[in-house]
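Everything on this sheet refers to the single structure shown next.
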Amino acid sequence: LTGPGAAADLVEADIRDSREMRDLIDRVRPQVVFHLAAQIDVRVSVSDPALDARINVLGTINVLEGARRAGARKVVFASSGGTIYGDVDPDDLPVAEGHSQHPVAPYGITKKVATDYLYAYRELYQLEYTSLALANVYGPRQDPHGEAGVVAIFAGRLLSGEPCTIFGDGAQTRDYVFVDDVVDAFVRASERGSGLLCNIGTGVESSVLDLYTAMAANAGVDTPAQHAPARVGELQRSLRLYRLLGLVPIVHEPPRYARFVCPDGDATLSIEVTGEAALPPRVQLYFECEALDERVALLRAVGLQFDQ
């Protein structure tokens, strides 16, 4: 490997192979296992639910067994922020973590069952876990040729001059979250949020049709998208009430965390609000820029009142 991950060893393995998982994790003996391996296509789960279960349920058991045997402290799991809850009544949106779970696709069922196994291993073996219910993740290097990741698929086809296809009328909504925020949540979950299911998203609902319209306009494309029949098992609306980790509540309402990007550059500002419910909040600002004018621009962009 090259770049920031150059110190990591890349091993291609199949989580369905219990011995391979056990030997690999035992060889590394990690303190924390980040479990993201999965069958991720809802349509595949509908057409071949047994394959979906072998990978997402039995594979997860193999990872848990490997982590337990190797003496790992915790497993951080990538769950699904939409499918585990199923088709939710619009009055219940955005969905909080305590909402009932009634998945309507095998993919959502296997993700739900995987979290049940995480809970069981915590009770049986004191192996801690955090299950992150991810919204629709997008970002650099996402595969534009796969079956998942509509932002990458639209971007790839728009840039190559190919038509884009929307399944159904495009009114179905999703919560799109940038990959940087998801990575941040995984890192925070390594130390916090034990025993919890945590939604990771933006809390902003966007329709697929609106997404295409905005992306096409930015790409200079005025051709409308093609429409195809709606896909079986696909949710009509999906929106999470989110908690970005590091800020997982113990008893009271969660502290708030947000990241802003300066509209005129790459400088970023993270804002963290903490404190007990009965006390004045403590606000911490984390600037990822040095120049004073960039910091001032960020503060103004997010509407904070301050004295220079």
Side-chain angles (χ1 to χ4, degrees), residues 1-8 10 32-38 40 74 76-82 94 97 130-144 146 148-156 159 173-193 196-206 211 214-215 218-219 238-248 254-274 283-291 294-295 297-299 301-304:
L1 296 177
T2 60
L10 175 63
V32 179
V33 175
F34 296 95
H35 176 26
L36 290 83
I40 62 172
K74 186 172 189 178
V76 181
F77 175 63
S79 185
S80 168
E97 289 91 338
T130 299
S131 184
L132 303 183
L134 307 180
N136 288 63
V137 185
Y138 71 96
R141 299 177 62 191
Q142 189 171 20
D143 183 7
V150 65
V151 173
I153 294 171
F154 281 174
L159 293 174
T173 63
R174 297 294 182 266
D175 183 340
Y176 298 100
V177 59
F178 190 58
V179 66
D180 278 9
D181 292 317
V182 174
V183 172
D184 183 56
F186 270 92
V187 173
R188 291 170 181 269
S190 65
E191 298 293 340
R192 301 178 175 92
L196 294 179
L197 169 70
C198 299
N199 290 335
I200 305 299
T202 66
V204 177
E205 189 177 19
S206 303
L211 175 69
M215 293 184 67
N218 277 280
S238 181
L239 179 65
R240 257 81 47 209
L241 179 63
Y242 63 95
R243 295 167 175 169
L244 288 182
L245 277 224
L247 314 161
V248 173
R256 300 297 182 219
Y257 174 85
R259 176 175 293 157
F260 301 89
V261 179
C262 181
D264 300 321
D266 296 327
T268 62
L269 162 67
S270 297
I271 301 177
E272 182 173 328
V273 182
T274 60
V283 179
Q284 299 184 65
L285 306 181
Y286 303 94
F287 290 93
E288 296 177 27
C289 55
E290 295 296 332
E294 289 184 319
R295 295 187 175 195
L298 278 167
L299 291 171
V302 301
L304 293 180

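The basis for the numbers below is simple: all heavy atoms, side chains too, and nothing from hydrogens, waters or symmetry mates.
The main-chain N or O of V137 is found under 3.5 Å from a side-chain atom of Q142 such that the two form a donor-acceptor pair. One N or O on the side chain of N218 and one on the backbone of A214 form a donor-acceptor pair closer than 3.5 Å.
For the pair L211/V151, a side-chain contact is recorded, criterion being any heavy-atom separation below 4.5 Å from C-beta on. Put simply, the side chain of F77 does not reach to within 4.5 Å of the side chain of L197, judged on heavy atoms. Contact of the L134 side chain with the V177 side chain is not registered, since no non-hydrogen atoms from C-beta on lie closer than 4.5 Å.
Residues passing the side chain to side chain donor-acceptor pair (under 3.5 Å) test with S79: none are found, sequence neighbours excluded. Looking at residues two or more places apart in sequence or on another chain, you find a side chain to side chain contact (heavy atoms under 4.5 Å, CB included) between A155 and M215. Residues that satisfy the ring-ring contact (aromatic ring centres under 6.0 Å, His included) test with Y138, not counting sequence neighbours, are F178.
Exactly one residue among L36, I200, N199, V182 makes a side chain to side chain contact (heavy atoms under 4.5 Å, CB included) with L132. That residue is I200.
For F34 against S190, the heavy-atom pair with the smallest separation is CZ-CB, 3.9 Å.
For the atom pair D175 CG and S206 OG, the distance stands at 7.5 Å (nearest 0.5 Å). In this structure, OG1 on T173 lies 3.5 Å from CD on E205, to the nearest 0.5 angstrom. Here C198 contributes atom SG and E97 contributes atom CD; the two are 6.0 Å apart, rounded to the nearest 0.5 Å.
A side-chain donor from one of K74 and T130 sits under 3.5 Å from a side-chain acceptor of the other.
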